[in-house]
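See below for the structure under consideration.
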Amino acid sequence: MKTLVLDASYQQKVALLENGQIIKMIESESVKADRFMELIDTLLKDCCCDIDSIDEICVNIGPGSFTGIRVAVSIAKGLGITKNIKFKTFNSFDYFKNGLNVVLVGFSDFVYLKTSNGTMDCVNVNDLSSNQSYVVSDSALAEKMKKIGLLTTLEPMLAYNEIDAIVNGKNVTISEIRPLYLRKSQAEIQRENKLSGGR
């Protein structure tokens with residue numbers, strides 16, 4: 001069973017797993033959409049396989065970069081639409097063990113939060129409770145949180161072969177693959193303000 005993993009939520013990462021084991025992974029700091037397709041092509045060539053030999057595609061649906069998430073979802077759908085490929089999805093919080101308060105980099109003073117009970121939201125970092133402890137993987141975010149009196153623990157992200165949603169997750173249909181947005185895009189906010197007469 002060959003699984004192609006696509007993730008452009010924060011940085012661009014592609015990986016090939018075979019029977020749940022990572023064969024190869026390529027990462028790039030680039031945010032250019034066309035670079036993501038090049039990464040996939042390079043990965044498949046390096047592994048001496050093509051899209052016809054892929055059994056399933058697993059794509060990160062967010063949260064993270066609006067553009068990156070849309071690119072990854074669109075490419076996953078495009079690659080699999082004419083092939084007999086199964087689909088799975090995972091989210092950015094799946095890189096961490098369950099039962100933790102996980103905080104991911106957001107925008108400005110906002111962060112993405114998954115609480116220990118599984119609730120996900122986009123919140124102002126200043127509104128986080130100082131009575132809780134938070135797991136983060138970004139050292140700059142950890143420092144920012146510590147400066148405002150929040151308890152943080154830096155933890156590395158789980159590898160793809162340790163993420164249950166990838167290795168043992170349920171299959172979804174192509175129409176079920178949708179970005180996980182925990183906030184409205186800036187364009188949506190501006191549109192709503194314009195329609196409501198606000199500035």
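All values derive from a computational prediction rather than experimental measurement.
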Check: S92 side chain, P63 main-chain N or O, donor-acceptor pair, under 3.5 Å: yes

No-hydrogen, no-angle side-chain donor-acceptor test under 3.5 Å, S129 and Q132: no

Exam field: side chain D121 to backbone V123, donor-acceptor pair closer than 3.5 Å: no

Carboxylate-amine/guanidinium proximity below 4.0 Å for K45 and D50: no

Hydrophobic cluster identity match, I40 and I22, side-chain contacts under 4.5 Å: yes

Output side-chain donor-acceptor pairs under 3.5 Å for residues 145-164, partner residues at least two apart or in another chain, one line each.
from, atom 1, to, atom 2, distance (Å)
Y160, OH, Y95, OH, 3.2
E162, OE1, A159, N, 3.0
D164, OD1, N168, ND2, 2.8

Within one Ile-Leu-Val-Met-Phe-Trp-Tyr cluster: V167 and M25, side-chain cutoff 4.5 Å: no

Test item: N19 side-chain N/O and M1 main-chain N/O as donor-acceptor pair under 3.5 Å: yes

pair V14-V5: side-chain heavy atoms closer than 4.5 Å: no

Side-chain donor/acceptor of S108 to backbone N/O of F110, under 3.5 Å: no

Value rounded to 0.5 Å, distance of CD1 in I26 from SG in C47: 7.5 Å

Side-chain heavy-atom pair Q12, D7 within 4.5 angstrom cut-off: no

Flag side-chain contact, heavy atom, 4.5 Å: Y10 against V105: yes

Rounded distance [0.5 Å steps], CG in D94 versus OG1 in T89: 8.5 Å

Between CG on residue L4 and CD1 on residue I51, distance to nearest 0.5 Å: 5.5 Å

Flag for N60-S9: side-chain donor and acceptor within less than 3.5 Å: yes

K2 and D55 ion-paired at < 4.0 Å: no

Residues, nucleotides or ligands: over 12 heavy atoms within 6.0 Å of N84 CG: no

Atom NZ of K86: over 12 foreign heavy atoms under 6.0 Å: no

Spacing of K13 atom NZ and S28 atom OG [to the nearest 0.5 Å]: 12.0 Å

Shared hydrophobic cluster, V125 / M120 (ILVMFWY, side-chain heavy atoms < 4.5 Å): yes

Flag side-chain contact, heavy atom, 4.5 Å: F107 against Y112: yes

Verdict with supporting geometry, S175 and T173, side-chain hydrogen bond (donor to acceptor under 3.5 Å, both in side chains): CA-CA 5 Å; S175 63; T173 64; 3.1 Å; yes

Whether over 12 other heavy atoms sit under 6.0 Å from N98 CG: no

From CG (L180) to CZ (F90), nearest 0.5 Å: 12.0 Å

Verdict with supporting geometry, K88 and K170, side chain to side chain contact (heavy atoms under 4.5 Å, CB included): CA-CA 6 Å; K88 290 180 184 173; K170 68 174 189 130; over 6 Å; no

Euclidean distance, C49 SG relative to L43 CG, rounded to 0.5 Å: 7.0 Å

Backbone N/O of R70 and side chain of S74: donor-acceptor pair under 3.5 Å: yes

